[in-house]
Amino acid sequence: MSYTKSQLKAISTIDRNLQIIACAGSGKTEVISRRIVEILKQKKSACVGPPNIVAFTFTEKAAGELKDRIHLHCREVLGTDRGLADMFIGTIHAYCLTLLQSPPQYDFLKYRVLDEVQQRLLIDRNSKKSGLTETPLLNGGHLERWKDSALYQQLLAILGEGKVEPKKIPRAVWEAFGKYHELLVEKKLLDYTKIIAEAVAELKTNATIKEKISNQLKYLVVDEYQDVNPLQESLIRELAGLGANVCVVGDDDQTIYQWRGSDVGNIITFSDRYGDVRQLPLNENFRSSRAIVETARRIAEKNNPDRLQKAMEHTDAQPYQRGDLLALGFKDPAAEAEWIARKIKSLLGAPFTDRKDSPPRGLTYSDFAILLRTVRRDAAPILAALDRNEIRYVVAGMDGLFDTPEVRAMSLVFFYLSDFAPKGGTSPTETDVRAALQSPRLGLPSGRLDAGMDFLKAKKTTIGDRMDAELYLQRLYLDFLEAIQIREVDINAAAGDASAGEIVFFNLGKFSQVVSDFEQIHFNTVPKDLYPSFSQFLHFQAPGYYPEGWEEAGLARPNAVQILTVHRAKGMQWPAVFVPALRKNRFPSKRQGGRSVWSILPEKAVTNADRYKGTIADERRLFYVALTRAEKYLFCTWAPIADNQQQRTVSDFFNDFTNSEHVLTKDPVVSTPPRIPEKPRREDITLNLSFSALKYYFECPYLFKIRFLYGFDTPVSRALGYGKSLHDALAEIHSESIAGRIPSGTDVPRLVDEHLHLPFANAQVEQSLRDAAHRALSGYINEHGKNLTKLEHVEKPIELKLDEGVVVSGRVDLIRRTDTEEVVIVDFKSDERAQKEDISQKQLHIYAVGYEQLTGKRPDLIEIHNLDKGGAIREQVDSTLLANTMDTVVEAGRNLRDNKLTRISSWCKTCEGCDMVGICRPRETAMSKKAA
DNA sequence: AGCCGTGACATTTTT
DNA sequence: TGTCACGGCT
């Protein structure tokens, strides 16, 4: 790999703070990863290693890609990638959570992180305690339960992550904010904002943490810096203040998340706010033709105020021919769509060269992308045209989960059970439910419908004042699916399509998560209230919160035209890009009306209030992102919508685009280009796996698919949290031991009090588990207390980089040494989390390989403790088993990639203990076997 | 040309 | 419930 001058400069600038201004397509990830490896290389003598480097990315996916590249460069440059598991590469949220949950901090171990849906459920369920209904509107009145909870979430985010002037905020709003945080503490919950806020607070006030970080953190890299919000910036500030060298990377022209509070000001004034900053622009674009680069550049430069000084330069990455860039208007969207479809057809097989040194290949479906401001409103005519022309495509974010027949049917099941009448309708009868279940999508013969209806009728009579384990929502949902014996293969057969079942199961799996989200917040509600309440949630709120239905679950990309929003397209590229629907009020989008946070907060109280609303400059940046996705062909089009008053005129952006001299406004008639065989671009996808996910794969590949690809969840239990609590207590015991403060039996009551957190237990369960926890911990200290002086690592991150972009990562509970200085890998089980020993053994052998990769040393022994029963299994690390295990892991990676996740061929022990067997195969009991 | 009342319409999404 | 397009009016 050869680098340009400015890339080399960026890579080798490691002793000063650095701001890399990365134009679109400038090889940013390559530069950051190579720079990190350069630090390892040059600073090795100064004892700087992986634990001293931290890199923040915007998404987990980006983290995976960066990790992969660092591994690659490490092997190239240093000859080994040993020890990389100790480098933190991930999102700011993940970093902060780790910080809050690492020794000597133990309080936050028992906290659970809410996602946005669960946060909203919590707010509504506790509408007063959460402060929701006590929040006043500026012109009178208060926020209302259910109706305004989404708005309240937005308010919480601005108050927590934005820059606000407390004095200018109504007192009652501030008090509500406080109440919400009390509620979080009471329930031991964190939300996305609070993770960061708490970490910042610790960094500001906790001397121990400060010292720890300041000793450890030497280099901080922040990717996508333009999308950082004020709270995140304050974290970066604190980390820099503790002595870290800071490198930020970003492009102010690509700030597109302003409505989430990101502040371009951060990147623009970086060099004024941090000392000794070297500013390096990466101007060369290695992605697109000169025409695209120059056209896009003019758009970015056009009256976008406050830009960083830079000038994107082309490198003739693609040859340009007149006609590659077109700006066309049509009489209506149908005509526009038809032209797009025909253009795609005419370009299929056109010769295209991915890189200057690679041989040409013919363009195929996956080389085309259609980028829209809104897929939901503008995709329809395009889909119709592609269908007519038999062009394969995938749409992201088109129809919601709740629009699919299978999820509608499941909602109806719950409406029926609770006699819930959807707005403007009546509650469904048996006939209605039956009709919904009869949808060919579910592939159910009538006999199974009968069984299903019988099941529902019987259950319905039991819904009353008393909770029964069988009435927990998830339990009932899974039992119902078992009653109708739904099977992926049957759906495939009914549809005559080998992948139809995957889509339906994916959606049913998502529905299982919907059930979980609701149930975890409403755990203590009696059935006769729980069911109607869940129905209301399904009807009024859930559809807006689970917009995504089926999307290829991220493993393989099909050879099809991609249709997606510009936001989602960020970071991607295609040989040919269409940007249709360039109408005024659409792109740039019209500001939305309605009740907003500005009905609660005075605009003066929030610095940069405008940012949240979005400006024309923000929209232009978005347009710029769209244009710079294209490598060679770029087509901007528009057409008026006759019956929509606001969508009848052309967008200013279309005219800006037309102003470029490279753009033709009429499709030139050219002789058909030569065609060569179509061939998809080889795409390296990285696959990130956790050890726990892999554990399921070892049990049964199909179970893995059900749990991790489809997302089916298991029913909650009252004991949930017990195993985790023990685990947390042990983490403290071991961490404190390493620090020289070895706990004794007298510490056990305190440890139990501190760590036992059973969110779903009743008094009786709580008491018995509390006793059990006492016994387990006392037993452990009695039996193994003598070993506590010889501990090496607690919760050690382990990472395995396999071939073909598969990375497996996880944590080892404990690594200790024996009296004879042998290394032992230790894993803890409790009855709650019990599993078959051979799986634990396999798992520990993977850890053994991981440990070897991390330290270069092979562990000698593996040990499995059973905390509830006491005692331990101990065996020697076996090199044959080690090799076998590796083979299995590699094979697992390959099967995942190829989507070969089939169930175990016949009923076996695994099936007996499997939570998901009901949607896999009929149960075989001892009785049924005898009968057969 | 500019004012004003009326009616039509309503985005993006990761942690 | 805020914003825009439209058309009637000055």
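Throughout, protein chains are lettered first and strands after them, A, B, ... in sequence-line order, and every chain is numbered starting at 1. None of the values given here were measured: they were computed from a predicted structure.
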Phosphate OP1/OP2 of B:dA10 contacted by A:Asn644 side-chain N/O (<4.0 Å)
yes
Minimum-distance nucleotide (side-chain atoms of A:Thr374 versus B:dT12, B:dT15, B:dA10):
B:dT12
Atom pair distance, as rounded to whole Å: CZ in A:Arg620 and C1' in B:dT12
18 Å
When you measure from the side-chain N and O atoms of A:Asn585 to the phosphate of C:dA5, is any distance below 4.0 Å, counting only OP1 and OP2?
yes
Which nucleotide in B:dT14, C:dC6, B:dA10 has an atom nearest any side-chain atom of A:Glu116:
B:dT14
Looking at A:Arg307 and A:Asp253, does any basic side-chain N land under 4.0 Å from a carboxylate oxygen?
yes
If you check the A:Thr59 side chain, which of B:dT15, B:dT11, C:dC4 turns out closest?
B:dT15
Validate the cation-pi geometry between A:Arg621 and A:Tyr624: distance from NZ or CZ to the six-membered ring centre under 6.0 Å, angle to the ring axis within 45°.
no
A:Phe578 and A:Phe635 aromatic ring geometry - parallel, tilted or perpendicular at 30°/60° bounds:
tilted
Expressed as a whole number of angstroms, how long is the span from A:Gln646:CD to B:dG7:P?
15 Å
From C-beta outward on A:Lys584, which listed nucleotide comes closest to its side chain: C:dT3, B:dT13, C:dA5?
C:dA5
Check this for me: does the side-chain of A:Arg260 come within 3.5 Å of the base of B:dT14 through a donor and an acceptor?
yes
Please state how far atom OH in A:Tyr612 lies from atom C1' in B:dT12, giving the value in whole angstrom units.
16 Å
For A:Leu137 and C:dG2, what is the distance between atoms CG and P respectively, to the nearest whole Å?
11 Å
Atom-pair distance (OH on A:Tyr192; P on B:dT15), nearest Å:
8 Å
Quick one: salt bridge (Lys or Arg N to Asp or Glu O under 4.0 Å) pairs with a partner in residues 147-159 of chain A, sequence neighbours left out?
A:Glu144-A:Lys147, A:Asp148-A:Arg595
Separation of B:dT13 P from A:Glu161 CD (nearest whole Å)
18 Å
How long is the line joining CD1 of A:Ile256 and P of B:dT13, in whole Å?
9 Å
Can you give me every donor-acceptor pair (side chain of residues 153-162 of chain A, partner residue at least two apart or in another chain, under 3.5 Å) with its distance?
from, atom 1, to, atom 2, distance (Å)
A:Gln153, OE1, A:Tyr545, OH, 2.4
A:Gln153, NE2, A:Glu116, O, 2.9
A:Gln153, NE2, A:Gln119, OE1, 2.8
A:Glu161, OE1, A:Asn229, ND2, 2.4
A:Glu161, OE2, A:Thr193, OG1, 2.7

Just checking A:Asp643: base, sugar-phosphate only, or nothing, at a heavy-atom cut-off of under 4.0 Å?
sugar-phosphate
Would you indicate, yes or no, if B:dT12 has its OP1 or OP2 atom less than 4.0 angstrom from a side-chain nitrogen or oxygen of A:Arg377?
no
Would you mind classifying the nucleic acid contact of A:Ser589 as base, sugar-phosphate or nothing, using non-hydrogen atoms under 4.0 angstrom?
base
Phosphate-side-chain proximity, A:Lys613 and B:dT11, N/O vs OP1/OP2 below 4.0 Å
no
Aromatic ring proximity A:Phe506/A:Tyr710, centre distance under 6.0 Å
no
Expressed in whole Å, how much space separates the P atoms belonging to B:dT11 and C:dC4?
14 Å
Of all the choices, B:dT15, B:dT13, B:dT11, which nucleotide is nearest to the side chain of A:Tyr257 once you look at every atom?
B:dT13
Could you please spell out the steps behind the salt bridge (Lys or Arg N to Asp or Glu O under 4.0 Å) verdict for A:Asp227 and A:Lys570?
CA-CA 12 Å; A:Asp227 281 325; A:Lys570 195 184 180 190; 2.9 Å; yes
Of A:Ser599 and A:Gln645, whose nearest nucleotide on DNA chain C comes first from the 5' end?
A:Ser599
Any side-chain donor paired with an acceptor under 3.5 Å for A:Arg112 and A:Gln520?
yes
Rounding to a whole Å, what distance do you find between A:Arg568:CZ and B:dT14:P?
6 Å
Sugar-phosphate atoms are those with a prime plus P, OP1 and OP2; base atoms are the rest. Using that split, label each nucleotide of nucleotides 1-6 of chain B B, S or - for protein heavy atoms under 4.0 Å, 5' to 3'.
------
Check whether the side chain of A:Arg373 and the base of B:dT11 form a donor-acceptor pair under 3.5 Å.
yes
